[in-house]
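Here's the structure, in structure tokens; my notes come after.
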Amino acid sequence: TVEQAGRMVLERLLAVTGLERAIMVRFDAARSDAEILAQAGRSGGAVSRTVLASASDPQRVAHLSQTADIQAAASIAGTGVREVLCARIAAEGEEHLYLYLASVQGRASVDAATAEFVGAAARICGLVIESFARRRLESLRLDVERAHLVQRRLLPHDEGSVGTVHWSMRSLPGAALAGDFAGVAERKDGSVLVWIGDVAGKGPAAAMLMATAQAWLSSSAMRLEAPAAIAQGLNDFLFARSDPEEFATLLIVLVDPAGALTACDAGHGLVLRVSGDRASRLEAAGGPPLGLVPEATYAESGVGSLLE
């Protein structure tokens, strides 16, 4: 980790400089916050914000023996500190990291070679931190790719047929994990259950809710339940296991062996039915999006036939 690498650098700095305390600190002058990320040597003691501010230029190493402003700092004066060295760590994505070294009983001043060594150590730290960041990004990219693959396996093939239903679909993954889902399942009585839905939001939470809904619907298809009953059961299941901002919209269509269509629209909204060169809006009974309202009731209605 960055903290472990930081401790190794700090211990080496103490050995070379002869100073007593070394820390890696995150400091934002705009907020006056100083957060210690790693430390070595003597513990305790204040961290001078004046010293940190003096080292804001990554090309400059600030140290007590050369800067009058630092010598006059309230956090330094009267504490017995005889030397302070500070260098900013320049790393992409990390604008407020510093190496900070101090000594009470050690050497009274620091020569140019020692200051340059600390500056070089800060530059090396910056490279190490950027390397960690690249590795994290690559790991995240691979995780997202694997998650996209899992999501794709939960969906039907792009083209296929089952019973009286033939389908063609395209699902194009975005940069983030999403909650779009769809399914086609033949039932024991010869009917076919078709659904399409969308989970609110993006990211892992939406992906998990999508997987939950998809598994529930696949299982319900085997139980010969009506569309409205499926929607009501899934609503109750999601409401009990999700946060208020997590919900899903869903359109369920049951195709009986003769081609008659029965649909339930759980907040999904705009659905178009295309026949030949004509397109019309499919209007179906239903209820609210799933997972929003406890014990919500859902209705269903006939919406024509595949033969029309």
Side-chain angles (χ1 to χ4, degrees), residues 151-174 178-202 206 209-238 247-293 296-308:
Q151 285 193 312
R152 188 65 191 88
R153 287 172 177 169
L154 291 172
L155 298 174
H157 295 299
D158 287 348
E159 296 184 4
S161 62
V162 58
T164 58
V165 175
H166 304 271
W167 78 84
S168 178
M169 63 169 282
R170 293 292 183 271
S171 176
L172 302 177
D180 307 290
F181 59 98
V184 182
E186 186 175 20
R187 312 209 300 182
K188 291 183 291 186
D189 62 354
S191 63
V192 177
L193 195 69
V194 182
W195 64 88
I196 183 170
D198 187 18
V199 172
K202 303 289 184 184
L209 203 61
M210 170 269 192
T212 300
Q214 190 76 340
W216 177 279
L217 291 163
S218 297
S219 176
S220 295
M222 300 300 101
R223 296 197 293 268
L224 301 181
E225 294 179 326
I230 294 173
Q232 185 165 340
L234 181 54
N235 174 74
D236 294 341
F237 184 84
L238 294 180
F247 61 91
T249 64
L250 177 68
L251 175 74
I252 309 172
V253 178
L254 178 63
V255 185
D256 76 9
L261 306 175
T262 303
C264 175
D265 186 350
H268 200 66
L270 182 61
V271 180
L272 296 179
R273 177 175 180 176
V274 179
S275 179
D277 59 355
R278 294 181 296 109
S280 59
R281 184 167 180 172
L282 189 149
E283 301 282 358
L290 305 171
L292 280 180
V293 182
T297 58
Y298 293 82
E300 61 190 53
S301 58
V303 292
S305 170
L306 282 182
L307 303 180
E308 294 179 357

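Every value quoted in this text rests on a predicted model; they were computed, and no experiment measured them.
The side-chain heavy atoms of Pro288 and Tyr298, taken from C-beta on, include a pair separated by under 4.5 Å. Within the 4.5 Å cutoff, the side chain of Glu225 has no heavy atoms near those of the Gln232 side chain. A heavy-atom distance below 4.5 Å is found between the side chains of Ile196 and His268. Proximity of Asp180 to Met210: side-chain heavy atoms (C-beta onward) are nowhere separated by under 4.5 Å. No side-chain heavy atom of Phe247 sits under 4.5 Å from any side-chain heavy atom of Leu290. Between Leu234 and Leu217 there is a side-chain heavy-atom pair separated by less than 4.5 Å. Taking 4.5 Å as the limit, every side-chain heavy atom of Glu283 sits out of range of all side-chain heavy atoms of Val303. Within the 4.5 Å cutoff, the side chain of Asp158 has no heavy atoms near those of the Trp167 side chain.
Evaluated for a side-chain contact (heavy atoms from CB on, under 4.5 Å) with Leu193, the options Val253, Val165, Leu224, Ile252 yield exactly one hit, Ile252.
The shortest non-hydrogen separation linking Asp265 to Ala284 is CB-O, 4.0 Å. Taking every heavy atom of both residues into account, Ala221 and Arg187 meet most closely at O-CD, 2.8 Å. Considering every non-hydrogen atom in both Asn235 and Gly291, the closest pair reads OD1-N, 2.8 Å. Shortest non-hydrogen contact noted between Met222 and Ala185 is CE-CB, 4.3 Å.
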Candidate pair Trp195 and Leu251, rule side chain to side chain contact (heavy atoms under 4.5 Å, CB included), full reasoning: CA-CA 6 Å; Trp195 64 88; Leu251 175 74; over 6 Å; no

From CA spacing to verdict: side chain to side chain contact (heavy atoms under 4.5 Å, CB included), Arg223, Lys188: CA-CA 9 Å; Arg223 296 197 293 268; Lys188 291 183 291 186; over 6 Å; no

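For the atom pair CG (Leu261) and OG (Ser301), the distance works out to 10.5 Å, reported to the nearest 0.5 Å. Rounding to the nearest 0.5 angstrom, the gap separating the CG atom in Asp256 from the OG atom in Ser191 is 7.5 Å. Remark: Ser168 OG to Glu159 CD distance equals 4.0 Å, nearest 0.5 Å. Interatomic distance, Cys264 SG to Leu250 CG, rounded to the nearest 0.5 Å: 7.5 Å.
A donor-acceptor contact closer than 3.5 angstrom links the side chains of Ser220 and Trp216.
At distances below 3.5 Å, not a single donor-acceptor pair connects side-chain atoms of Thr262 with backbone N or O atoms of Gly302. Under the 3.5 Å distance criterion, the side-chain polar atoms of Thr249 are left unmatched by any main-chain donor or acceptor of Pro289. Between the side chain of Gln214 and the backbone N or O of Ala182, at least one donor-acceptor pair lies under 3.5 Å.
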